[in-house]
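Report on the structure given below.
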Amino acid sequence: MKTELIHEAAKVIWNAKHLTAFTGAGISVESGIPPFRGEDGIWSRYDPGVLDISRYRSYPDETWPVVNEIFYQFFAKAQPNKAHYFLAWLQQEGILKALITQNIDNLHQDAGSTDVIEYHGNSQYLVCTYCGERRKVEEPLVTDEVPRCSNEGALMKPDFIFFGEPIPQEAAMRSMAEAEKTDVMLLIGTTGEVMPASMIPKVAKRGEATIVEINTAETIFTQTITDLFLQGKAAAVCDLVQQEITRLK
Ligand code: APR
């Protein structure tokens, strides 16, 4: 990675008045969570139809065991990496004003970030599809037995959005408000292929924000809105940028 690029990115981030970050599945790959898309993606091994809300409601005995395997057996072992800690550090330094994530793995919070805007919800809770009761995911809740609500026995689902479900309203509104306010947005590990999430960086760009992108490969954003592209693995690149910001301080 060219040092001038790292230096440039560090300067832009350090001098930001209202820095925001927007993260996708790529930031958690080095924590052992595969991306969703691409050759080794989760959707190359599992049928994404298990996350179709009407199918989940109609065939829970068929879909829940797969959901359990992906999101509670795989995800459960993951620990935050240097990229998650970098964003937590920027927040503690008072530089990062808002963190918007498409991820449901809770790794930002595990790294110490607070007030994370979870655009697709969070896998740490189950919610009743009838009464809305939420319950923290703990053994013995996550077995292959379909989770049922203790109130009236209705079907429970992970508290993240399935295909066919709306974005949580508060997360949608706060994300748009931050995108309109920001002067620098840092994109880490996202394809920009998932709507409506991918609108957020575009709104920031329309507001003339500087877009800094970190990804192992070029994305839709790189070809359209990105000003500074740092090609590489998130943990390694964020570590270099953090060191450079520390030098600038
Ligand atoms: N460091 C940085 N970027 C990486 C790394 C890495 N180590 N590994 C992969 N990437 C990049 C890929 O190049 C790709 O652009 O991360 C992206 C991962 O793509 P997807 O899995 O499709 O993730 P994303 O674009 O964030 O999808 C959005 O879809 O299913 C939903 O909630 C889910 O958050 C997810 C959302």
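Atoms within each ligand, like the ligands themselves, are counted from 1 in listed order.
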Gly189 neighbourhood, listing ligand 1 atoms whose heavy-atom distance to it stays under 4.0 Å: 3 (N), 16 (O), 17 (C), 26 (O)
Can Glu193 be said to touch ligand 1, with heavy atoms closer than 4.0 Å? no
re atom 12 (C) of ligand 1, the protein heavy-atom contact at minimum distance is Asn215 OD1, 3.5 Å
Could you tell me the residue and atom name of the protein heavy atom closest to atom 30 (O) of ligand 1, and the distance to it rounded to 0.1 Å? Arg37 NH2, 3.5 Å
min-distance protein heavy atom vs atom 33 (C) of ligand 1 -> Phe36 CE1, 3.5 Å
Atom 14 (C) of ligand 1 - nearest protein heavy atom and its distance: Thr191 CG2, 3.6 Å
Give me the nearest non-hydrogen protein atom to atom 32 (O) of ligand 1 as residue plus atom name, then the distance to 0.1 Å. His120 ND1, 3.0 Å
With a 4.0 Å cut-off on heavy atoms, is Asn103 touching ligand 1? yes
Could you measure the distance from the CH2 atom of Trp43 to the CZ atom of Arg37? Nearest 0.5 Å is fine. 8.0 Å
Determine whether the side chains of His84 and Ser113 contain a donor N or O and an acceptor N or O closer than 3.5 Å. no
Return a table of donor-acceptor pairs under 3.5 angstrom between the side chains of residues 8-20 and protein atoms on other chains or two or more places apart.
residue, atom, partner, partner atom, Å
Asn15, ND2, Lys11, O, 2.9
His18, NE2, Glu178, OE1, 2.7
Thr20, OG1, Thr182, OG1, 3.1

Pick from Pro35, Ser198, Ala25: the one approaching atom 26 (O) of ligand 1 most closely through a non-hydrogen atom: Ala25
What residues join Ile100 in its hydrophobic cluster, counting side-chain heavy atom gaps under 4.5 Å, either direct or through other members? Phe22, Ile117, Tyr119, Ile161, Ile167, Met176, Met185, Leu187, Met195, Met199, Ile200, Val203, Ile211, Phe221, Ile225
Just jot down the ligand 1 atoms closer than 4.0 angstrom to any heavy atom of Gly24, in number order. 26 (O)
Quick check: Glu30 and ligand 1, any N/O pair under 3.5 Å apart? yes
Assess whether a salt bridge exists between Lys205 and Asp227, defined as any Lys/Arg side-chain N lying under 4.0 Å from an Asp/Glu carboxylate O. yes
Stepwise side chain to side chain donor-acceptor pair (under 3.5 Å) test for Thr219 and Thr222: CA-CA 5 Å; Thr219 68; Thr222 325; 3.1 Å; yes
Do Asp159 and Arg134 have side chains that approach each other closer than 4.5 Å (heavy atoms only, starting at C-beta)? yes
Gap between atom CG of Asn215 and atom CD of Gln231 - 0.5 Å precision: 7.5 Å
Could you find the nearest protein heavy atom to atom 4 (C) of ligand 1 and give me its residue, atom name and distance? Thr216 OG1, 3.4 Å
Of all the non-hydrogen atoms in the protein, which one sits nearest to atom 28 (C) of ligand 1, and at what distance? Gln102 OE1, 3.3 Å
shortest atom 6 (C) of ligand 1-to-protein heavy-atom contact is with Gly26 O, 3.4 Å
Specify side chain, backbone, both or neither for Val29, according to which of its non-hydrogen atoms lie closer than 4.0 Å to ligand 1. side chain
Under 30°, 30 to 60°, or over 60°: which ring-plane class applies to Trp64 and Tyr56, parallel, tilted or perpendicular? perpendicular
With distance as the sole test, does Gln91 use its side chain to make a donor-acceptor pair with the main-chain N or O of Thr114 at under 3.5 Å? yes
Does the N or O separation between Trp43 and ligand 1 drop below 3.5 Å for any pair? no
May I ask you to check whether Ala234 has an N/O atom sitting below 3.5 Å from an N/O atom of ligand 1? yes
Please examine the side chains of Glu213 and Leu228, heavy atoms only from C-beta on, and report whether any two atoms are closer than 4.5 Å. no
N/O to N/O below 3.5 Å, does that happen between Thr190 and ligand 1? yes
